[in-house]
A.B. asks: 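Here's a structure for you.
All values reported here derive from a predicted model rather than from experimental measurement. Lettering follows sequence order; numbering is per chain, from 1.
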2 protein chains.
Amino acid sequence: MDDRPYIARRPKRADGRRNYDAVLAAARKAFETSGADASLEDIASQAGVAIGTLYRHFPTRASLVEAATRDGLEKLVAHAGRLTGHPDPLEALKEWMREAVIHFSTFRGLVGILAQSMYDEGTPSHAMCAAMHRSGAELLRAAQAAGRVRPDLTPEELFDLLSGAAWVREQAASGRDGSPRFLQLVLEGIVAARD
Amino acid sequence: MDDRPYIARRPKRADGRRNYDAVLAAARKAFETSGADASLEDIASQAGVAIGTLYRHFPTRASLVEAATRDGLEKLVAHAGRLTGHPDPLEALKEWMREAVIHFSTFRGLVGILAQSMYDEGTPSHAMCAAMHRSGAELLRAAQAAGRVRPDLTPEELFDLLSGAAWVREQAASGRDGSPRFLQLVLEGIVAARD
DNA sequence: GCAACAAGTCGAGGTTGCCTCAGGTTAATG
DNA sequence: CATTAACCTGAGGCAACCTCGACTTGTTGC
């Protein structure tokens, strides 16, 4: 047992916390500019810390990515919470989806990791992904209950569409970002046919 | 000038051709199982060839990927040629899109490379991508001319949707493959509204 | 046949990034 | 202020990338 994924935790000791924070900040910056496969040694040295220290706090790349994206995804889940019970459930779903695409493509390579984590429990990001899944499914269900979205669309399919859009956004790094239009096309495609 | 991308060519000498073919075969197998970032040294040794020989024929990873996928994409373009003038242009477009998704996701990492090559001329795969772009655009135009596909859809957007589907298929490696349903949703989303 | 040469082959080695671990340091605690 | 668990460090083994100079061989023209 206990093959649970390692989830990074902010240390209790002052020096540990300092370094943990420094590494996390450096990692965010590096991921932003170099993608999820940024050099960990660069991150460590940017943080002014030896490589062993980075590995102490974040024993795997996945755990570092998870820690670096935790806040953003928590925000996304919270946003979904605020949107439940919205008077226009389709508009709520749309708004959340737009938000989700942005968070999923925070840096190059993230969508792939999240898509993986969605259905793989042995992954640091799995818990957060599962929470997002619940949030999204709830908003979808509401929009469907109101007859605004085709009833045969499953949450899994919704996340595939979302991931596709995020992936397109990722690729956009330099040049045209097709994701807004992608999402628009998808959204117009999944609304329930007017009777 | 002459910063044109290097395109691998089958050598004239017998020994060169033998090794070129062996490397290519090993590369196809390796990409299939390990994705586009398979180890080049493994490929070389699988092919029974020194690493330097691999680099002689394929000086960059991109050139090897291009050579390994050239046939498949040529077939795709040819298929489009056969489909032009099809009596049902929407059905033709659909069939080609299904085919395209499969070719784009021949191995993990390929879609990303192709999406990159689509608009970056300094890339070995650019020529082939441009050809595909023309093929797809032609089929799209025909379907639109027949009033079967929403007229505001551009070829670039079509390729974004296609790439998204292929990416979803790539991720499917082990487990559910959401791409057929993805494509179905997209297709139902882009057909022109019946009047 | 065979000389000459362009084309091809080889693999050691420099470089970078990953990750581990043994040994030294230090913040918290009572 | 002694104790100790938590923390820090960086050398080093490993794998993959890619280059380059020395060597070998297929091809061509005579």
Side-chain angles (χ1 to χ4, degrees), chain A residues 3 5-27 29-68 107-109 113 122-124, chain B residues 5-27 29-31 33-68 107-109 113 122-124:
Chain A
D3 50 354
Y6 182 87
I7 305 287
R9 260 174 48 84
R10 198 148 176 276
K12 283 186 284 270
R13 258 174 65 164
D15 56 347
R17 258 197 321 265
R18 213 173 21 239
N19 287 336
Y20 179 95
D21 291 344
V23 168
L24 211 43
K29 194 166 301 182
F31 288 154
E32 199 94 18
T33 62
S34 312
D37 52 359
S39 157
L40 298 180
E41 312 213 285
D42 276 2
I43 291 173
S45 87
Q46 275 302 316
V49 145
I51 184 66
T53 299
L54 182 151
Y55 275 99
R56 168 165 197 84
H57 296 300
F58 309 98
T60 65
R61 180 181 293 271
S63 70
L64 181 53
V65 168
E66 189 275 337
F107 48 79
R108 200 168 41 74
I113 293 169
T123 274
Chain B
Y6 180 87
I7 305 287
R9 261 174 47 85
R10 200 149 175 275
K12 281 185 285 268
R13 255 173 67 161
D15 55 345
R17 256 194 326 259
R18 214 173 21 239
N19 288 336
Y20 179 96
D21 292 342
V23 168
L24 211 43
K29 194 166 298 183
F31 289 154
T33 63
S34 311
D37 52 358
S39 157
L40 298 181
E41 312 211 288
D42 276 2
I43 290 174
S45 85
Q46 275 303 314
V49 146
I51 184 66
T53 299
L54 183 151
Y55 276 100
R56 169 164 194 86
H57 296 299
F58 308 99
T60 65
R61 180 181 293 273
S63 69
L64 181 52
V65 168
E66 189 275 337
F107 48 78
R108 200 168 42 74
I113 294 169
T123 272

A.B. asks: Which residues pass the salt bridge (charged side-chain N to carboxylate O under 4.0 Å, His left out) test with R13(A), sequence neighbours left out?
C.D. replies: D15(A)
A.B. asks: Given atom CG of L40(A) and atom P of dC19(C), what is their separation to the nearest angstrom?
C.D. replies: 6 Å
A.B. asks: Expressed in angstrom and rounded to an integer, what is the separation of R61(A) atom CZ from dG17(C) atom C1'?
C.D. replies: 9 Å
A.B. asks: On a heavy-atom basis, which atom in P124(A) and which in I7(A) lie closest, and how many Å separate them?
C.D. replies: O-CD1, 3.3 Å
A.B. asks: Can you list every side-chain hydrogen bond (donor to acceptor under 3.5 Å, both in side chains) pair that touches residues 33-52 of chain B, not counting sequence neighbours?
C.D. replies: none
A.B. asks: Distance check needed: dT15(C) P versus E41(B) CD, whole Å only.
C.D. replies: 17 Å
A.B. asks: Does R18(A) have any salt bridge (charged side-chain N to carboxylate O under 4.0 Å, His left out) partners at least two apart in sequence or in another chain, and if so, which?
C.D. replies: none
A.B. asks: Starting from the 5' end of DNA chain D, give me the residue, T60(B) or T53(A), whose nearest nucleotide shows up first.
C.D. replies: T53(A)
A.B. asks: Mapping I51(B) and P11(B) to their closest nucleotides on DNA chain C, which lands nearer the 5' end?
C.D. replies: P11(B)
A.B. asks: What pair of heavy atoms forms the shortest contact from V23(B) to V49(B), and how long is it?
C.D. replies: CG2-CG1, 4.3 Å
A.B. asks: Would you give the length of the straight line joining atom CG of L24(A) to atom CG of L54(A), rounded to the nearest 0.5 angstrom?
C.D. replies: 10.0 Å
A.B. asks: Take nucleotides 21-30 of chain C nucleotide by nucleotide from the 5' end and write B, S or -, depending on whether a protein heavy atom sits under 4.0 Å from the base, only from the sugar-phosphate, or from neither.
C.D. replies: -----BSS--
A.B. asks: Pair up each side-chain donor or acceptor in residues 57-67 of chain A with any protein partner under 3.5 Å, not counting sequence neighbours, and list the distances.
C.D. replies:
from   : atom 1 : to     : atom 2 : distance (Å)
T60(A) : OG1    : S63(A) : N      : 3.0
T60(A) : OG1    : S63(A) : OG     : 3.4
R61(A) : NH1    : A36(A) : O      : 2.8
R61(A) : NH1    : A38(A) : O      : 2.9
R61(A) : NH2    : A38(A) : O      : 3.3
S63(A) : OG     : T60(A) : N      : 3.4
S63(A) : OG     : T60(A) : O      : 2.7
E66(A) : OE1    : R70(A) : NE     : 3.4
E66(A) : OE1    : R70(A) : NH2    : 2.8
E66(A) : OE2    : R70(A) : NE     : 3.0

A.B. asks: Check DNA chain C against residues 30-38 of chain A and give the residues with a non-hydrogen atom under 4.0 Å, in numerical order.
C.D. replies: A38(A)
A.B. asks: State which residues pass ring-ring contact (aromatic ring centres under 6.0 Å, His included) with Y55(A); sequence neighbours excluded, sorted by chain then number.
C.D. replies: none
A.B. asks: Heavy atoms only: give me the nearest R17(B)-R10(B) pair and the separation to one decimal.
C.D. replies: CD-NH1, 3.0 Å
A.B. asks: Tell me the interatomic distance from L54(A), atom CG, to dC18(C), atom P, rounded to whole angstroms.
C.D. replies: 9 Å
A.B. asks: Give S39(A) one of three labels, base, sugar-phosphate or nothing, depending on what nucleic acid heavy atoms sit under 4.0 Å from its own.
C.D. replies: sugar-phosphate
A.B. asks: Let me know the distance between CG of L64(A) and P of dC19(C), rounded to the nearest Å.
C.D. replies: 11 Å
A.B. asks: Name the first nucleotide and the last nucleotide along DNA chain D (5' to 3') that come under 4.0 Å of a heavy atom in chain A.
C.D. replies: dA5(D) to dA11(D)
A.B. asks: Nearest heavy-atom pair of I51(B) and A44(B): which atoms, and what distance?
C.D. replies: CA-CB, 4.0 Å
